[in-house]
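Okay, structure first, notes after.
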Amino acid sequence: MKGKKLWGGRFEQETATITEKISASVDFDKRLYRQDIHGSIVHAEMLRNIGVLNDEECRKIVNGLQEILKEIEENKFEFFHSLEDVHMNIEYALTQKIGEVGKKLHTARSRNDQVALDMRLYLREECALIRRLIAHVVHELVTKAETHLEIIMPAYTHLQVAQPVRFSHYLLAHAWALVRDIGRLEAAERASMVLPLGVGACAGVNYRNDREFLRKKLGFASISQNSMDTVSDRDYILDFLYFAAVLGMHLSRMAEELVLWSTSEFGFIRLSDSVTTGSSIMPQKRNPDVAELIRGKSGRLYGNLMSLLVTMKGLPLTYNRDMQEDKEPLFDSIDTVKMCLEGMKEMIATMEVNGGVMRNAVYSNYSTATDLADYLVKKGVPFREAHEIVGAIVKHCEREKKDFFSLTHSDLQMFSNAFDSDAVNLLDPMRSTENKVSAGGTALVEVEKQIRELKHILKSLGEVR
Ligand code: ARG
């Protein structure tokens, strides 16, 4: 449909096809239809309250909008490119449906405060959904941690075996990162809870409108204080995109480990068939595509943040059409994090844990060397000297092709007289984990404490399942 524009009054020539093409956002912003209609209904009620619309007019507008909502939901609504965006498509359809009175809806409102409203309402709903999905992943991690308390694995630094830890402790490490993500998500949500509607295009409107009514009806925490700032502000979207980028980074790091742990070389875990794919040429392959794609998708999440930061940079106050470019990055980040969280949940819930393989990795890699050095320190040997002594023991074992835990008391005594007979106990990785009793350590009591704390957090987030 090419033809008359809702803003066409002062124009003489037709809009060029390229102008329609470059301005049209309806293909992607039509997903705001529910928020747009909801906002318009409340706006109409406010206009009635302040005497701009009479009861009859308001009723017609509200009914018309509700019919449009139904049509869109039933896929019976036609969106036109020439009408640019979701807002003008709905407003146009309203007038087609109820006649002249439809043209009164846009009184005391601009698309600038309207679009800010729709985006804030939309983001708020998505934040709630995403918080649930994060809670699901945390829940899976906690559940796996609880059922695998006795499995130990190496903790790595520099991807070299460092010290023995409980597999549960490792899983919970990722859970805590996700809990911090929830904090960032909530910060973005809070930033979106400021009502923009009622400021008009940029300067305010020539009506004593009732923004407090709008705030209450639309469920905002507060009302924006400056009309120019209101239509220029996209910080809440940037906050969300930052949250999504950091979450993406966490998921990517988890995914990387799942890829690594499931290789035949590591073999710590086996990913379920449900989250792996085959190769079109190599019949033996089981590829961890879900994990790889989650790792890969962090790239677009970073890109979306950067994209909007750059779009906003240098824009003069107030609204500029550039800001229409906030939508695709936001929508893409929302869709991407939801997909990644679901994929991660599925992988964790269905993975097989090879406790024996993890155990071998801690037993054969001198992972208790630090415990042995600490033992010497307790016997009065200065730490640097103890470090040196244990280093020599490792060298000896490597030469003799021996594991640490096969050393006897007399073997140890060749290196230092400070070793009493109880020292051999420390060579056992399981014992080592039990000695990590500092707050937040990998000893059983400390891990159980974390599980309790995380369950408490999950409970405060509401129903997870
Ligand atoms: N589709 C536009 C956007 O997303 C709505 C606001 C248009 N305002 C304007 N003055 N052209 O930003």
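One-based numbering, in listed order, for ligands and for the atoms of each. Note that the numbering runs from 1 along the sequence shown for the chain.
Short contacts between ligand 1 and Ser25, defined as distances under 4.0 Å to a heavy atom of the residue, involve ligand atoms 1 (N). Short contacts between ligand 1 and Asp85, defined as distances under 4.0 Å to a heavy atom of the residue, involve ligand atoms 1 (N), 2 (C), 5 (C). Contact atoms of ligand 1 toward Arg111: 6 (C), 7 (C), 8 (N), 9 (C), 11 (N) (distance under 4.0 Å to a heavy atom of the residue). Every atom of ligand 1 is numbered from 1 in the order shown, and the set under 4.0 Å from a heavy atom of Gln324 is 1 (N), 2 (C), 3 (C), 4 (O), 12 (O).
By the 30° and 60° cut-offs, the orientation of the rings of Tyr156 relative to Phe266 is perpendicular. The aromatic rings of Tyr170 and Phe167 sit parallel to each other, their planes meeting at less than 30°, with 60° as the upper class boundary.
If you check which protein heavy atom lies closest to atom 10 (N) of ligand 1, you get Asn112 OD1, 3.2 Å. At the top of the distance list for atom 3 (C) of ligand 1, counting protein heavy atoms only, stands Tyr319 OH, 3.2 Å.
No side-chain donor-acceptor contact under 3.5 Å links Arg295 to the backbone of Glu256. Within the 3.5 Å criterion, the main-chain N or O of Asp229 finds no donor-acceptor partner in the side chain of Asp233.
Residue contacts with ligand 1 include Lys327, since one of its heavy atoms falls under 4.0 Å from the ligand.
For the pair Arg120 and Tyr236, the cation sits on the ring face: its NZ or CZ lies under 6.0 Å from the ring centre, inside 45° of the axis. Remark: Arg124 is positioned above the aromatic ring of Phe220, its terminal NZ or CZ atom under 6.0 angstrom from the ring centre and at most 45 degrees off the axis.
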